[in-house]
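Everything below concerns the one structure shown next.
Numbers for residues simply follow the sequence, beginning at 1. Bear in mind the structure is a predicted one, so any value in this text is a computation, not a measurement.
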Amino acid sequence: SSYIYETADMFGIGSHKAKCFTLIRHPVERGISMFHQLQKAAKENNYANSALKDMTIEEYANGPFCEENWMTRVLTDERENPLMLKHLELAKEMLGRKCLVGLYENMPESIRR
């Protein structure tokens, strides 16, 4: 969920503390997958912006549709300003303290763990 702070508040009541479980995917692989999903939706007329329909992945990566460090922005609650090294360090700390982290490419093993 992109509402990590709201979720933490909901489960952090009293003596009952919770940890979230997250599967992390390599950001480049995630970006490529997002591009293909958005492009498919544009071709099927399910997405409002038809500019993606004939866009190359290079145009997507250099254009306004590509996300910039989505996970770091969510974890640090920094949605608009430029990210700094302190944001990366805070995001890593947040994951380490609050989450059980698995790897997307090792999903079965991560879930068993």
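- In this structure the side chain of Ile24 reaches within 4.5 angstrom of the side chain of Met71, judged on heavy atoms.
- Between the side chain of His36 and the backbone N or O of Ser33 there is no donor-acceptor pair closer than 3.5 Å.
- When hydrophobic clusters are built by joining Ile, Leu, Val, Met, Phe, Trp and Tyr residues whose side-chain heavy atoms come closer than 4.5 Å, directly or via intermediates, Met55 is grouped together with Val28.
- Distance check: Phe65 CZ to Leu52 CG gives 5.0 Å after rounding to the nearest 0.5 Å.
- Between the CG atom in Asn81 and the CZ atom in Arg73 there is a gap of 8.0 Å [rounded to 0.5 Å].
- Val74 and Leu23 fall into different hydrophobic clusters, where Ile, Leu, Val, Met, Phe, Trp and Tyr residues are linked whenever their side-chain heavy atoms come under 4.5 Å apart, directly or through other members.
- To the nearest 0.5 Å, atoms CD (Glu109) and CD1 (Ile111) are separated by 11.0 Å.
- Heavy-atom minimum distance, Gly102 versus Ser110: CA-OG, 3.4 Å.
- Other residues, nucleotides and ligands place more than 12 heavy atoms under 6.0 Å from the CE atom of Met107.
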(request) Assess whether salt bridge (Lys or Arg N to Asp or Glu O under 4.0 Å) is satisfied between Glu67 and Arg30, documenting all intermediate values. (result) CA-CA 10 Å; Glu67 300 169 337; Arg30 186 182 176 283; 2.5 Å; yes
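- With rounding to the nearest 0.5 angstrom, the CG atom of Asn62 is 11.0 Å from the CD1 atom of Ile57.
- For the atom pair CG of Leu88 and CG of Leu83, the computed distance is 9.0 Å after rounding to the nearest 0.5 Å.
- Atom OG1 of Thr72 sits about 11.5 Å away from atom CE of Met94, to the nearest 0.5 Å.
- Note on Leu103: it does not cluster hydrophobically with Leu100, by side-chain heavy-atom contacts below 4.5 Å among ILVMFWY residues.
- Under a hydrophobic-cluster definition in which Ile, Leu, Val, Met, Phe, Trp and Tyr are linked whenever side-chain heavy atoms come within less than 4.5 Å, directly or via other members, Trp70 and Leu75 are assigned to the same cluster.
- Met34 places a side-chain heavy atom less than 4.5 Å from the side chain of Tyr60.
- Within 6.0 Å of atom CZ in Phe21, more than 12 heavy atoms from other residues, nucleotides or ligands are found, so the atom counts as buried in its surroundings.
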